[in-house]
K.L.:
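This structure is in structure tokens; I'll ask about it shortly.
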Number of protein chains: 4
Amino acid sequence: MARPRSNDKRDAILNAAVEVLAEMGERAPTSKIAKLAGVAEGTLFTYFNSKEELLNQLYLSLKAELRHVMMLGYPTDTDLKAQMHHVWQSYLNWGISAPQKRKVMAQLSTSEQITEQSKQIGMQSFCDLTQSIQNQVDKGCLRDYPPLFIGSIFGAMAEVSINFMVQDPMSAESYRESGFEAFWHAVAIM
Amino acid sequence: MARPRSNDKRDAILNAAVEVLAEMGERAPTSKIAKLAGVAEGTLFTYFNSKEELLNQLYLSLKAELRHVMMLGYPTDTDLKAQMHHVWQSYLNWGISAPQKRKVMAQLSTSEQITEQSKQIGMQSFCDLTQSIQNQVDKGCLRDYPPLFIGSIFGAMAEVSINFMVQDPMSAESYRESGFEAFWHAVAIM
Amino acid sequence: MARPRSNDKRDAILNAAVEVLAEMGERAPTSKIAKLAGVAEGTLFTYFNSKEELLNQLYLSLKAELRHVMMLGYPTDTDLKAQMHHVWQSYLNWGISAPQKRKVMAQLSTSEQITEQSKQIGMQSFCDLTQSIQNQVDKGCLRDYPPLFIGSIFGAMAEVSINFMVQDPMSAESYRESGFEAFWHAVAIM
Amino acid sequence: MARPRSNDKRDAILNAAVEVLAEMGERAPTSKIAKLAGVAEGTLFTYFNSKEELLNQLYLSLKAELRHVMMLGYPTDTDLKAQMHHVWQSYLNWGISAPQKRKVMAQLSTSEQITEQSKQIGMQSFCDLTQSIQNQVDKGCLRDYPPLFIGSIFGAMAEVSINFMVQDPMSAESYRESGFEAFWHAVAIM
DNA sequence: AATGAATGAGGCTTCATTCAT
DNA sequence: GATGAATGAAGCCTCATTCAT
């Protein structure tokens, strides 16, 4: 048998892509990505058939990571607000500690190179969260908005909060809580 | 590099840029933009010294247009909520009727090519709005958040709303009002 | 007005292509062709949109040149055999004096990159010759073969003759006449 | 480089090469050939040291096959014309039933990658035929041309005939016989 | 001022070949 | 022997920018 494909290498390429994309945007050359990943340029193309595929896979991988992080330690036996707060904290912590990944996710979200299919798949990652929001809407705890709408508001508010936290670290904790408070008032029935 | 003469041409180039950028993202070539604008490739560079300058000017121009649109017919002698609602409607109408411009603004906002300075200037367009928000905070009508934070929440909620309106035109008006309602609860003291 | 496109440059590229293709076959790189033509590699692509187009244009240009050469000084008021002999001589002289062009024409004729359309057009160059053959067939001077068939036999015999002339220059004149004799017997009614 | 073991694999590679070369010309990648042959990319290189060697071997193999086919059932005790006609039929049948092989042989014949040596060897395959032609020339049955010249005329006329048969199958049999007739008149003394 | 041909660096991708498994 | 991942040199083509006209 020949050398098997290495997950390490695949990950190294994805990580390198994050770094180069964060620095150069969509114009990040595959050569720079490969070099930073420590592989030959040709090798990149044994793991991803094209630059476009690399970008799409990266997009999905980041979405999956974010989703994973948000669900880590999710408290099942507390009230809705506490649960939401937990997810809020996880999101913000990730966004602050992985600024390049966050930046790249934002870039890719508006990129022409990300296919509609990838966006669909990326969204489906969050369908259990969506479902759980639906349940709360049905119970009358949240305003009667489509759960995806609520989810998008959550994401938008989180992004705004992270931006302010990063730009003004002194007041970071204040933004963190204000953001959640604003979100909560936006969607909860009190 | 002689002085450019025609504002028409400058505008034609900016408009063409919107179209090509919307279709191709950051990889939109200046040649395509020039062609669509009806000028020669070289002519583009008498109006903008470089592609980067073109992108920055476009960014500022779009920000200015949005700001202009939002302030059109601003009602000075009603209550805060009505004022905000007016601006909300203006923003959403613009976003829906100029989807390419909106798309390009989102792209440019995450682009490496837009300088920090441009972002600063773009933000200052809205400083009168910001000032007026500050006044309302001081009067206790809005939560005690920094006015830029409130402004960002406004923008973020508007973007979310437009996305849903565009994607699901049947329920557009419902999203429009739900979005405003959510925003208002997020920031107002009731 | 900007600099106009130069026919000289176009021709230089085509001539360079002949040389490099003769030496390297279809794997001739555009970079070598451009260099030999004395232009930048990018310039090649302002004259030909792609390598494939370059090859097709070259094919047509060679066909046209051959056709032109064959008709130079075509004697209209002699008998058929003398006319054919004239064309024979022209073909062979060209083939011998332009061995690279001949070689490249042979290569391109079997190349995947030459479109069916190019082959059609290339063949139509010779339609007046074909017509004149048809007339002779009708008059009973040539065997009752389709004129294109006779034309192909002509070409094939000429190619064989040139090959032997080139390979064995001492007997060149003998092959030249033997070839014509064989062709004539193949198609003429005596 | 160990010794290859399986003739089956060697043949599979050669057959795959025919197919891929017919479709893609000289730019046929070894990887595609290997895949179609059902072996690993690397395996190809245990059977052929380089792509060039593969092409040369393929060329020789095709020449040998053609030679073999042409001599199958060769009638030794009939007159010259019948013998030639037999060979003619064999050649044409092969050419029509194996169009890819024929196409590839034509390609390789004009390819830079085929060495002079291979061409020599390929020609020698036909030396017994050549010898037999020489005898007929000596006996005054054929024109006094070098036998290789006659052989080349034979090949050229056969190729022309096959081309027309393939392109116009309705008249195939007519081309088949006309072609032979033309060839015979070209070289025979009647 | 306007034009668009010219430039050549650089981008993405392919591919013959090697070599670890 | 067989495999196919790894390599990196090329290959084709694009494009921002310059400059002759």
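A, B, ... follow the sequence lines: proteins, then strands. Residue 1 opens every chain. None of the values given here were measured: they were computed from a predicted structure.
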K.L.:
Report the nucleotide, chosen from dC12(F), dT17(F), dA5(F), that has the shortest atom-to-atom distance to any side-chain atom of Arg3(A).
P.N.:
dA5(F)
K.L.:
To the side chain of Ser50(B), which of dT14(F), dT17(F), dA6(E) is closest?
P.N.:
dT17(F)
K.L.:
Among dC12(F), dA5(F), dT17(E), which nucleotide sits nearest the side chain of Tyr47(A)?
P.N.:
dA5(F)
K.L.:
Can you see if the side chain of Thr46(A) gets near the phosphate of dA6(F) - specifically, an N or O under 4.0 Å from OP1 or OP2?
P.N.:
yes
K.L.:
Among dA16(E), dT3(E), dC12(F), which nucleotide sits nearest the side chain of Thr43(B)?
P.N.:
dT3(E)
K.L.:
Taking pairing as Watson-Crick or G-U wobble with both contacts under 3.5 Å, can you name the mate of dT14(E), or confirm there isn't one?
P.N.:
dA9(F)
K.L.:
Among dT17(F), dT3(F), dG8(E), which is the nearest nucleotide to the side chain of Ala40(D)?
P.N.:
dT3(F)
K.L.:
Regarding Glu41(B) and Thr30(B), do their side chains bring together a donor and an acceptor under 3.5 Å, going by distance alone?
P.N.:
no
K.L.:
Show me the pairs that pass salt bridge (charged side-chain N to carboxylate O under 4.0 Å, His left out) and involve residues 99-111 of chain A, at least two apart or across chains.
P.N.:
Glu65(A)-Lys101(A), Arg102(A)-Glu159(A), Lys103(A)-Glu112(B)
K.L.:
Thr30(A) side chain: which of dC12(E), dC13(F), dT18(E) is closest?
P.N.:
dC12(E)
K.L.:
For Phe48(A) and dG11(E), what is the distance between atoms CZ and P respectively, to the nearest whole Å?
P.N.:
19 Å
K.L.:
Quick one: label Lys9(D) by what it contacts on the DNA or RNA (base, sugar-phosphate, nothing), any heavy atom closer than 4.0 Å.
P.N.:
sugar-phosphate
K.L.:
Please report the distance, rounded to the nearest Å, between CD1 in Ile13(A) and P in dT13(E).
P.N.:
13 Å
K.L.:
What nucleic acid atoms does Ala28(A) come within less than 4.0 Å of, heavy atoms only: base, sugar-phosphate, or nothing?
P.N.:
sugar-phosphate
